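Everything on this sheet refers to the single structure shown next.
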Amino acid sequence: MPPRVSFLLPVYNEQEHLGESLASIAAQEYPPHLIEVLVADGNSTDGTLEIVQAFRKVNPHLAVEVIANPSRNTSVGRNLCLRRATGELVMNFSGHAVARPNLLAVLTGKLANLPTE
């Protein structure tokens, strides 16, 4: 079985790009029950959280969690996500990154074929 993957998204005021970023995660050619999306929000004031909430409603098959990141520090946000991550693998992502639909399938396939010793 393919591994569970946690996407780590530290964000702050990503309204302009976050919808496209989240849509690219939802469009992965990968079992949706094996994808987790962790969004560390730095107290956004531009509608970022509303985009995440709308995404949750349209994609109930994906695990999506919002984590408070009052520091607004990207590294702190990433670490907050990492602490909550349940995936065997983590994707260091962002609110303005866009993934090709085959990203997880290709990467997990390559990892599965690496020698173990």
Side-chain angles (χ1 to χ4, degrees):
M1 169 136 74
R4 182 169 172 84
V5 179
S6 299
F7 278 83
L8 314 181
L9 285 89
V11 300
Y12 173 69
N13 287 347
E14 288 287 353
Q15 178 178 359
E16 186 175 341
H17 303 284
L18 185 58
E20 184 179 10
S21 181
L22 291 172
S24 76
I25 294 171
Q28 288 299 296
E29 298 163 352
Y30 200 77
H33 68 282
L34 296 177
I35 296 174
E36 171 181 57
V37 181
L38 301 164
V39 180
D41 180 62
N43 295 324
S44 295
T45 58
D46 70 343
T48 292
L49 288 177
E50 289 80 0
I51 290 169
V52 176
Q53 297 306 330
F55 177 76
R56 274 182 169 158
K57 288 180 183 175
V58 174
N59 297 281
H61 54 284
L62 291 177
V64 180
E65 181 179 355
V66 176
I67 303 161
N69 177 17
S71 73
R72 286 192 192 152
N73 180 289
T74 301
S75 296
V76 170
R78 190 170 293 110
N79 286 335
L80 290 168
C81 290
L82 192 54
R83 285 186 198 122
R84 293 288 243 307
T86 62
E88 297 165 76
L89 301 175
V90 295
M91 276 303 290
N92 182 16
F93 218 62
S94 75
H96 53 270
V98 176
R100 291 184 181 197
N102 67 345
L103 175 72
L104 289 183
V106 169
L107 291 179
T108 58
K110 287 183 180 197
L111 285 171
N113 290 319
L114 288 176
T116 57
E117 294 181 13

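Since we're looking at a predicted model, the values are computed, not measured.
Among all heavy-atom pairs drawn from Leu38 and Ala85, the shortest one is CD1-CA, 3.5 Å. Shown here for Ala97 and Ser21, the closest heavy-atom pair between the two residues is O-OG, 2.7 Å. Contact detail for Gly77 and Ala40: the closest heavy-atom pair is O-CB, 3.4 Å. The heavy-atom pair separating Leu22 from Ile51 by the smallest distance is CD1-CG2, 4.3 Å.
Val11 and Ile25 fall within a single hydrophobic cluster, where Ile, Leu, Val, Met, Phe, Trp and Tyr are joined by side-chain heavy atoms under 4.5 Å apart, directly or via other members. Placement of Leu9 and Leu103 within a single hydrophobic cluster is found when ILVMFWY residues are connected by side-chain heavy-atom separations under 4.5 Å, directly or transitively.
Residue Val106 belongs to no hydrophobic cluster, having no ILVMFWY side-chain heavy atom closer than 4.5 Å to its own.
Residues meeting the salt bridge (charged side-chain N to carboxylate O under 4.0 Å, His left out) test with Arg78, sequence neighbours left out: none. For the side chain to side chain donor-acceptor pair (under 3.5 Å) test, residues two or more places apart in sequence or in another chain that qualify with Ser71 are Asn69. For Leu89, the side-chain contact (heavy atoms from CB on, under 4.5 Å) partners at least two apart in sequence or on another chain are Pro3, Val5, Thr108, Leu111.
Among residues at least two apart or in separate chains, ring pair (Phe, Tyr, Trp, His ring centres under 6.0 Å) pairs with a member in residues 6-33 are Phe7-Phe93. Within the structure, salt bridge (charged side-chain N to carboxylate O under 4.0 Å, His left out) contacts touching residues 15-24 (residues at least two apart or in different chains) do not occur. Residue pairs meeting the side chain to side chain donor-acceptor pair (under 3.5 Å) criterion with at least one member in residues 94-107, sequence neighbours excluded: Glu14-His96. Applying the salt bridge (charged side-chain N to carboxylate O under 4.0 Å, His left out) test to residues at least two apart or on different chains, the pairs with a partner in residues 28-40 are Arg4-Glu36. Sorted by first then second residue, the salt bridge (charged side-chain N to carboxylate O under 4.0 Å, His left out) pairs that include residues 87-96, not counting sequence neighbours, number zero.
Expressed to the nearest 0.5 Å, how far CG of Leu8 lies from OG1 of Thr74 amounts to 12.5 Å. To the nearest 0.5 Å, atom CG of residue Asn13 and atom OG1 of residue Thr48 are 5.5 Å apart. Here the straight-line distance linking atom SG of Cys81 with atom CE of Met91 works out to 13.5 Å at 0.5 Å rounding. Going from atom OG1 of Thr86 over to atom CG of Leu34 covers 10.0 Å, rounded to the nearest 0.5 Å.
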Return all side-chain donor-acceptor pairs below 3.5 angstrom for residues 54-68, not counting sequence neighbours, or 'none' if the list is empty.
residue, atom, partner, partner atom, Å
Arg56, NE, Val64, O, 3.2
Arg56, NH1, Gln53, OE1, 3.1
Arg56, NH2, Val64, O, 2.9
Asn59, ND2, Phe55, O, 3.1
Glu65, OE2, Arg84, NE, 3.1
Glu65, OE2, Arg84, NH2, 3.0

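When the options Leu82, Ile35, Val90 are evaluated for a side-chain contact (heavy atoms from CB on, under 4.5 Å) with Ser6, the one that passes is Val90.
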